[in-house]
2 protein chains.
Amino acid sequence: MGETAHRTLRADAERNRRRLLHAATEVFCERGIDAGVGEIARRAGVGRGTLFRNFPTKEHLIAAIVVERLRESCARGRKALEAPDPGEALFELIEASICRSATDRALFDALADTWLAKDEIRDAHSALLETLDALLRRAQRAGAVRPDVSAVDLMMLVKGVCEAAFAFRHVNPEVAMRQIDLVRAALRPAAGAPPLRGHPPTLADLQQPAAGDDAKARPAA
Amino acid sequence: MGETAHRTLRADAERNRRRLLHAATEVFCERGIDAGVGEIARRAGVGRGTLFRNFPTKEHLIAAIVVERLRESCARGRKALEAPDPGEALFELIEASICRSATDRALFDALADTWLAKDEIRDAHSALLETLDALLRRAQRAGAVRPDVSAVDLMMLVKGVCEAAFAFRHVNPEVAMRQIDLVRAALRPAAGAPPLRGHPPTLADLQQPAAGDDAKARPAA
DNA sequence: ACCTGAACACCGTTCAAGT
DNA sequence: ACCTGAACACCGTTCAAGT
């Protein structure tokens with residue numbers, strides 16, 4: 001298992017795959033996720049058929065990008081584990097995530113049940129969550145973060161803030177900073193504040209095979 | 001100006017319009033926003049053409065639903081202004097929003113610049129924000145909420161939490177409760193905590209005509 | 001093996017013909 | 001005035017023919 005697990009491709013095929021991923025990242029950032037696959041293929045300099053040879057479907061192409069971002073984020077997290085101040089290491093990672101939310105938007109979009117159903121994404125996501133958990137526990141041991149929050153709680157909070165910050169990226173970049181400050185305040189060890197209700201959600205909670213899709217999707221009204 | 005500003009429709013037309021809105025709300029909740037307009041028309045018992053006579057485009061149909069939700073939410077906010085405890089009135093409204101996020105998802109999706117560009121949505125959104133502002137100031141005067149957050153800060157934070165809660169609605173409903181508690185902690189008047197950086201974003205900040213679309217949409221990479 | 005673009009199916013939208 | 005469904009354009013996906 002490792003980097004070259006994907007059975008070796010012909011040189012030109014490998015190059016096309018990389019070009020497609022690069023072009024797709026660009027195009028999705030510019031025109032949004034609904035951008036046509038035709039433009040992606042054109043910008044990558046290949047035929048439309050080649051896109052579907054490398055990625056069985058548009059969703060798979062998106063998933064590949066998401067996995068890339070998840071892995072990068074995980075790597076940043078592991079580096080942060082070596083930083084001297086446990087609290088600041090965690091907060092700076094959060095801050096970086098929020099600031100990168102323009103480009104990493106796909107990352108956070110992927111943390112919904114639809115996408116987590118995909119195996120590769122779920123695996124990369126688990127790895128990230130474990131790293132986040134290590135960072136969080138370290139910060140908690142140092143007394144920088146309240147002890148009752150779990151990594152899943154934190155991930156959800158940050159996901160939300162990132163999406164909100166992204167939605168308003170054009171109108172006022174300063175609000176992102178303020179959201180970060182609010183997250184810090186939420187995580188601060190509370191003096192007389194009540195603890196979080198319920199019990200801390202665990203990684204396993206997120207990995208129940210998404211019950212929806214066609215099982216019990218009927219709404220009330 | 002008022003409720004019957006929309007010039008009177010023929011009886012059957014008015015009925016079709018309502019049926020379409022109802023069917024669309026249902027279908028979007030079940031199958032998501034990408035559900036086909038064909039199914040909506042079928043469930044409403046009208047031809048596809050009728051849908052486009054009432055709503056010039058699928059986006060307009062969605063916008064109509066969003067405006068409905070924004071108005072409802074605004075009404076709940078005004079009612080909360082009359083509740084005795086200023087702090088709890090605000091927090092309960094937030095809690096209600098998060099719990100309704102499954103059905104009100106469209107509401108929060110609409111608080112991105114793309115949608116705020118639409119006049120009707122922007123107006124309904126302004127009204128909601130003004131109500132929220134009144135609730136917030138009242139809670140701040142009562143000392144229940146730190147004085148440096150603005151209604152826009154709060155709206156963004158809640159939007160994020162709602163979307164995160166929605167994304168995990170199937171896996172663990174308890175996490176929503178915990179997110180609410182985190183929001184409460186973030187808003188608590190902080191003892192020795194640093195104030196939010198920058199200056200409080202105002203309603204006007206959100207209403208700059210979204211600069212994007214085709215002006216300066218070029219990304220870095 | 002892999003690439004390509006014409007062909008297919010699907011969905012949002014339009015419009016000529018109906019009442 | 002309003003309704004309808006066939007027709008159009010567009011986009012994701014497939015596949016027979018090429019190298």
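Bear in mind the structure is a predicted one, so any value in this text is a computation, not a measurement.
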| task | Using whole Å, report how far CD of E14(A) lies from P of dC3(C). | result | 11 Å
| query | At under 4.0 Å between heavy atoms, what does A41(A) touch on the DNA or RNA strands: base, sugar-phosphate, or nothing? | reply | nothing
| field | Whole-Å gap separating C1' (dC10(C)) and NZ (K58(A)) | value | 14 Å
| H60(B) NE2 to dT14(C) P, straight-line distance once rounded to whole Å | 10 Å
| Any side-chain heavy atom of R184(A) sitting closer than 4.5 Å to one from E95(A)? | yes
| request: Could you tell me whether D181(A) and R178(A) make a salt bridge, using a distance below 4.0 angstrom between a side-chain N and a carboxylate O? | output: no
| Can you give the dot-bracket line for DNA chain C, using ( ) for pairs inside the strand, [ ] for pairs that cross earlier ones, | for pairs with another strand and . for unpaired bases, where Watson-Crick and G-U count if both distances are under 3.5 Å? | ||.|||||...|||||.||
| query | In whole angstrom, what separates F55(A)'s CZ from dC3(C)'s P? | reply | 12 Å
| remark: Winner on side-chain proximity to N16(B), out of dC3(D), dT13(C), dT13(D), is dC3(D)
| query | Whole Å only: how far is the CG atom of N54(A) from the C1' atom of dC2(C)? | reply | 10 Å
| remark: L20(A) CG to dC3(C) P, in whole Å, measures 9 Å
| remark: Taken to the nearest whole Å, CG/D34(A) to P/dC11(C) is 15 Å
| field | Separation between CE of M177(B) and CG of L196(A), rounded to the nearest 0.5 Å | value | 9.0 Å
| remark: Separation of dC3(C) atom C1' from R48(A) atom CZ, nearest Å, is 14 Å
| query | Of all the nucleotides listed (dC3(D), dT13(C), dT13(D)), which has the minimum atom distance to the side chain of R53(B)? | reply | dC3(D)
| request: Tell me which nucleotide among dT13(C), dT4(D), dC3(C) gets nearest to the side chain of D12(A). | output: dC3(C)
| message | Taking 4.0 Å as the cut-off, does a side-chain nitrogen or oxygen of T50(B) come that near to OP1 or OP2 on dC2(D)? | response | no
| task | State whether R69(B) and E72(B) are salt-bridged, where the test is any N-O pair (Lys NZ or Arg NE/NH1/NH2 against Asp/Glu carboxylate O) under 4.0 Å. | result | yes
| task | Could you grab the distance from atom CG of L135(A) to atom CZ of F91(A), nearest 0.5 Å is fine? | result | 11.5 Å
| message | Using side-chain heavy atoms (C-beta onward) and a distance below 4.5 Å, is D133(A) in contact with V152(A)? | response | no
| query | For G36(A), which contact category applies under a 4.0 Å heavy-atom criterion: base, sugar-phosphate, or nothing? | reply | sugar-phosphate
| task | Measure from the side-chain heavy atoms of F52(B) and tell me the nearest of dT4(C), dT13(C), dT4(D). | result | dT13(C)
| request: For residues L90(B) and L132(B), determine if any side-chain heavy atom of one lies less than 4.5 Å from a side-chain heavy atom of the other. | output: yes
| task | Identify, between P56(A) and G45(B), the residue whose nearest nucleotide on DNA chain D lies closer to the 5' end. | result | G45(B)
